[in-house]
Amino acid sequence: MPIVSRGFHGRARDARHRLPPGQYETADFPVLSAGPTPAVDLDQWEFTIRAETGARHIWDWAKFMALPSQTQTVDLHCVTKWSKFETEWQGVSLDVLLEDVETSADYALVHSYGDYTTNVPLEDLLDGQAWIAYRYDGEELAPEHGGPARLLIPHLYFWKSAKWVRGIQLLDEEERGFWENIGYHDYGDPWREQRYQGD
Ligand SMILES: Nc1nc2c(c(=O)[nH]1)N[C@H]1C(S)=C(S)[C@@H](COP(=O)(O)O)O[C@H]1N2
Ligand SMILES: [Mo]
């Protein structure tokens, strides 16, 4: 079997397996923001993890930049049905940020500059599944895409990847975020097509 033919069939098969139900692939990188892009000054930027005990862990930009980072290539799936394959991000794993945080919480509410929130189970932030990303495609993350830094949690619909992230609140009971409060799914697994509450 010639290599060209094998390559072609391989790509086609791969694309089908990588596209969750109801999604289409796009090469664009659409901007989806519920409000205006907040101006976030790096001198003022802070990222805070607040445990359910009230204990706070705070990183300023310099401390955050000093943490070990990883570069990941991941597929993105937006609930408005576009998927984008093989996007490259650099960021700090939540495993690193949560390492010294003592918690027995099960849930997280992610907060952004500009007041967006979104909820995720804490376990979905662990084990190499989520990053605070600050570079995209080899460049500083553009403000409209969440710069200076955003959550990246590619195994869930992209609304969970909070742009302009400023902190994570750990909770014993789940609290809904911005989209979840107006009918979007609490979990948002694209492979199970969990778009809306009840899906
Ligand atoms: N702070 C904040 N984060 C957000 C949003 C938002 O409106 N505000 N929109 C979400 C939605 S619905 C999607 S699809 C992605 C879009 O990210 P992008 O604009 O970089 O494509 O960001 C998510 N994170
Ligand atoms: Mo979205």
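These numbers were taken from a predicted model, which means no experiment stands behind them.
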Are Asp75 and Lys84 within salt-bridge range, i.e. N to O under 4.0 Å? no
Please name the residue in the list Tyr184, Trp159, Tyr116 that meets the ring pair (Phe, Tyr, Trp, His ring centres under 6.0 Å) test with Phe178. Tyr116
Min side-chain heavy-atom separation Phe85-Glu25 under 4.5 Å: yes
For Thr117 and His111, test the side chains for any donor-to-acceptor distance below 3.5 angstrom and give the result as yes or no. no
Do Gln72 and Trp131 touch side chain to side chain, with heavy atoms closer than 4.5 Å? yes
Can you tell me if Asn119 and Glu174 form a side-chain donor-acceptor pair at under 3.5 Å? yes
Thr118: partners by side chain to side chain donor-acceptor pair (under 3.5 Å), with sequence neighbours left out: Glu180
Atom pairs and distances, side-chain donor-acceptor, residues 26-36, under 3.5 Å, sequence neighbours left out:
from, atom 1, to, atom 2, distance (Å)
Thr26, OG1, Asp28, N, 3.1
Ser33, OG, Lys163, NZ, 2.8

Is any side-chain heavy atom of Val120 less than 4.5 Å from a side-chain heavy atom of Leu125? yes
Can you tell me if Arg176 and Gln197 form a side-chain donor-acceptor pair at under 3.5 Å? yes
Judged by atom type as modelled, is there a donor-acceptor pair below 3.5 Å linking the side chain of Asp106 to the main-chain atoms of Asp172? no
side-chain hydrogen bond (donor to acceptor under 3.5 Å, both in side chains) contacts in which one or both residues fall within residues 42-54, not counting sequence neighbours: Glu52-Thr103, Glu52-Ser104
Test: side-chain hydrogen bond (donor to acceptor under 3.5 Å, both in side chains). Region: residues 121-130. Which pairs qualify, not counting sequence neighbours? Asp124-His155, Asp124-Tyr187, Gln129-His155
Name the atoms and distances for all side-chain donor-acceptor pairs under 3.5 Å in residues 144-151, with sequence neighbours left out.
from, atom 1, to, atom 2, distance (Å)
Arg150, NH1, His145, O, 2.8
Arg150, NH2, Ser161, O, 2.9

Fellow cluster residues of Leu171, listed by chain then number, with links counted only when side-chain atoms sit under 4.5 Å apart: Tyr107, Leu109
Between Trp59 and Phe64, is the gap from one ring center to the other below 6.0 Å? no
